[in-house]
Amino acid sequence: MADQPDLKKLNDELHDLRLDAGLPSARTIRDHVGKDAQDYWIVNHQAVLDAFQKPDLPPWGRLEAIVRVLAEVGRHNDVDGEVNRFKGLWKQVVSETVAQASVHPPGDSTTSAADDDADDTADSSKDSPKQDAKDPSGRAAEEPSAGTETRSNPGRGAAQSNYAEESLKGLILNAAQALWHDKDALRVFLGVVRRSKGFARMADAAEERRPANATFYGVMSREFEVPPSPARLELVTLHRCLDQHRLKRKWSFTYMEEQTGVSSDAWIRWYTHGELPEREAIVAFSHMARLTLEDHVLLLGLWEAARDALEIQKRSDVLPSSISFDEAWAMRDPAAPRLWALAGVGGDNLAAYGPDLASGTAPAFVVAGPARSGRSTALVSMARSLLASGIPLVLAAPRPSPLRELTGQEGVLAYFDRDDIGRDELESRVSVASAEQPIVVVMDDAELLGECSAWRVLRNLLEHGFDEGTALVLAGDEHKLQTSYRWLNGAKRAHRGLLLSPQERHAGDWIGIRTGDSVVGNAITPGRGWLHLGDGKLLAVTVPR
């Protein structure tokens, strides 16, 4: 790619854009692009990987879809502008390719494929010293063999033929980096690497100096890195604690195998792949290190925290990607209270879950998340379930929202579509509520109504709603909701709600629970969230559509 600087620039920019978006996986990007009318993926995950890994120019249609998704996930202010910027870079690469083709025209097109195969076979059988020459990175020097016709585009031919080899080199470098502190394991590993032709110098270099993360053809690729665990904070903390004790005593993985009975391969895998060790291995390590009771309890506590985080994520991964309201409604408990609202579907047995707005510490429920996370869809689901139970609603949506589609339905008493609600207007609607005939206010984009004229009515609703037969379900942007608003603190005191693709740790404060790194910061997936019903447990759910 050195002879194509514009192509390298495009690839660098694409990797930077993915980094800004939180390094979403190829499958996540594929899911965001979506399917066509025939239910086929518009861009499959392998095509997404090729755009990042292969040193070729991807088709503009594919690149446009990937860039748009990454710009949206990364919350760029001007998504269309970002797409146009990449289109300009893509055109520069096209011009670069055309210019190079005009300077180095391709070989005689009349040469048959059989002749090419024969030439390639002959070249590979030559025992020329030049073929064994390596540069410091371990890559074979690209020099034409005697009697071989020079290729017009060395970057393309060499890149395609060496793709598997370069991938293997990247894996070797990452493994050497992970084993750097265990010299015994590193020595054994690099000894095996040296047995493969062409990798000896790379192994020597990796033994002298800890290698950096592997890249693909000099491009800032992260495809060779092991995907981060969903419980990354908890696992990193556990591994760091183990490493402190191990390095302090200068233990190798081989020695740990002898002392704990746990194979060195298992210890290495847990470190290099960011996996959770078995509890028995942690106990054996503690006994081996003769840890104090305090350190022993701390180590087991870290292990349990990492296990719980992994279990939470595992339950999220098995959820259905989507579910209709009717399907979810059929999963509800027939004995659910009248003011029960459908928030999502989840659990080991895939059941419908939601809050009982007539109980708890405050008559409220908060849906929080970033833009495009599905907040309005969750509100509509909850509103439809309340209407189905015969509960009258007052709707408020200061911005265009799917909630507005419920206006005109039986049971909707009023609808406010402005960024202000009059005190008398709202009070007249909810004043007729009672414990026997409750009324629920459903509000979208609540941050826009934080200082509305009806703030006293809303504060009174949150303080006395249980007695007066009123409740509030609100949704807002996790970045914009503020406790400084005069009435929103009352909603926060409900200690329950739904987080949709949370990006900030403080988002958990709105639903009364702490959220770790295993929950926050992941790619935005509309309709997937974490439900807290005030019992101190997070439940992964899919929101009905």
Side-chain angles (χ1 to χ4, degrees), residues 14-15 17-54 56-76 79-80 82-84 86-87 90 223 227 230 313-331 342-346 350 352 367 369-381 384 400-403 405 498-503 521-530 540-545:
L14 188 61
H15 280 87
L17 187 64
R18 187 181 181 191
L19 182 62
D20 293 340
L23 289 176
S25 67
R27 295 183 187 274
T28 300
I29 297 173
R30 176 204 66 183
D31 293 345
H32 276 282
V33 174
K35 297 183 177 181
D36 59 16
Q38 285 74 40
D39 203 35
Y40 290 107
W41 293 112
I42 296 175
V43 179
N44 63 46
H45 78 281
Q46 187 58 53
V48 176
L49 281 176
D50 290 346
F52 287 95
Q53 290 183 333
K54 288 190 175 181
D56 297 321
L57 181 65
W60 169 242
R62 179 192 307 171
L63 183 63
E64 180 185 17
I66 294 172
V67 169
R68 185 171 295 278
V69 166
L70 294 178
E72 291 175 351
V73 172
R75 297 191 294 276
H76 277 255
V79 174
D80 290 334
E82 191 70 4
V83 171
N84 291 333
F86 270 87
K87 188 172 184 179
W90 185 86
E223 298 301 333
Q313 189 64 40
K314 187 185 300 181
R315 290 193 291 270
S316 174
D317 292 340
V318 300
L319 288 175
S321 58
S322 65
I323 189 170
S324 68
F325 176 83
D326 292 336
E327 291 174 318
W329 184 246
M331 298 178 182
L342 173 59
V345 169
L350 203 61
V367 179
R372 299 176 179 265
S373 60
R375 300 191 309 261
S376 299
T377 302
L379 277 188
V380 170
S381 175
R384 289 180 64 185
S401 167
L403 198 63
E405 298 174 6
L498 177 66
L499 293 182
L500 296 171
S501 300
Q503 302 298 301
N522 298 308
I524 297 175
T525 306
R528 299 293 289 273
W530 302 93
V541 296
T542 296
V543 176
R545 48 180 169 75

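For this chain, numbers begin at 1 and follow the sequence in order.
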Under 3.5 Å, side chain of R30 to main-chain N/O of V43, donor-acceptor pair present? no
Can you sort out the partners of T28 under side-chain hydrogen bond (donor to acceptor under 3.5 Å, both in side chains), two or more places apart, ordered by chain and number? S25
Which atom pair, heavy atoms only, marks the closest approach of P502 to W530? CD-CD1, 4.0 Å
Less than 4.5 Å apart, side chain to side chain, heavy atoms only: is that true for P526 and S373? no
Please report, to 0.1 Å, the donor-acceptor pairs under 3.5 Å made by any side chain of residues 60-74, with sequence neighbours excluded.
unit_1, atom_1, unit_2, atom_2, d
R68, NH1, D80, OD1, 2.9
R68, NH2, D80, OD1, 3.4

Between Q503 and I524, what is the shortest heavy-atom contact and its length? NE2-CG1, 3.8 Å
Quick one: does any side-chain atom of R375 pair with a main-chain N or O of V367 as donor and acceptor, under 3.5 Å? no
Applying side chain to side chain contact (heavy atoms under 4.5 Å, CB included) to L342 and S381, what does each step give before you reach the verdict? CA-CA 6 Å; L342 173 59; S381 175; 3.9 Å; yes
Ring pair (Phe, Tyr, Trp, His ring centres under 6.0 Å) against F86, all qualifying residues, sequence neighbours excluded: none
So which heavy atom on L500 is nearest to which on G529, and how close? CD2-CA, 3.8 Å
Are side-chain heavy atoms of S376 and L403 found at a separation under 4.5 Å? no
Can you name the closest pair of heavy atoms from A328 and V345 and give their distance? CB-CG2, 3.5 Å
side-chain hydrogen bond (donor to acceptor under 3.5 Å, both in side chains) against R372, all qualifying residues, sequence neighbours excluded: none
Ignoring hydrogens, what is the shortest heavy-atom contact between P370 and S501? Give both atom names and the distance. CD-O, 3.3 Å
Drop me the distance from I323's CD1 to R545's CZ, to the nearest 0.5 angstrom. 8.5 Å
Are D50 and P58 side-chain neighbours, meaning at least one heavy-atom pair lies under 4.5 Å? no
Chi angles and distances behind the side chain to side chain contact (heavy atoms under 4.5 Å, CB included) call for R528, V543: CA-CA 6 Å; R528 299 293 289 273; V543 176; over 6 Å; no
N/O donor-acceptor pair under 3.5 Å between T542 side chain and P320 backbone: yes
Do M331 and L350 pass the side chain to side chain contact (heavy atoms under 4.5 Å, CB included) test, and can you show the C-alpha distance, the side-chain angles, and the key distance before you say yes or no? CA-CA 8 Å; M331 298 178 182; L350 203 61; 4.2 Å; yes
Here the pair of heavy atoms bringing L498 nearest to A378 is CD2-CB, 3.9 Å
Kindly write out the residues that satisfy side-chain hydrogen bond (donor to acceptor under 3.5 Å, both in side chains) with S324, not counting sequence neighbours, or none if the list is empty. E327
Taking only residues two or more places apart in sequence or in another chain, which ones pass salt bridge (charged side-chain N to carboxylate O under 4.0 Å, His left out) with K87? none
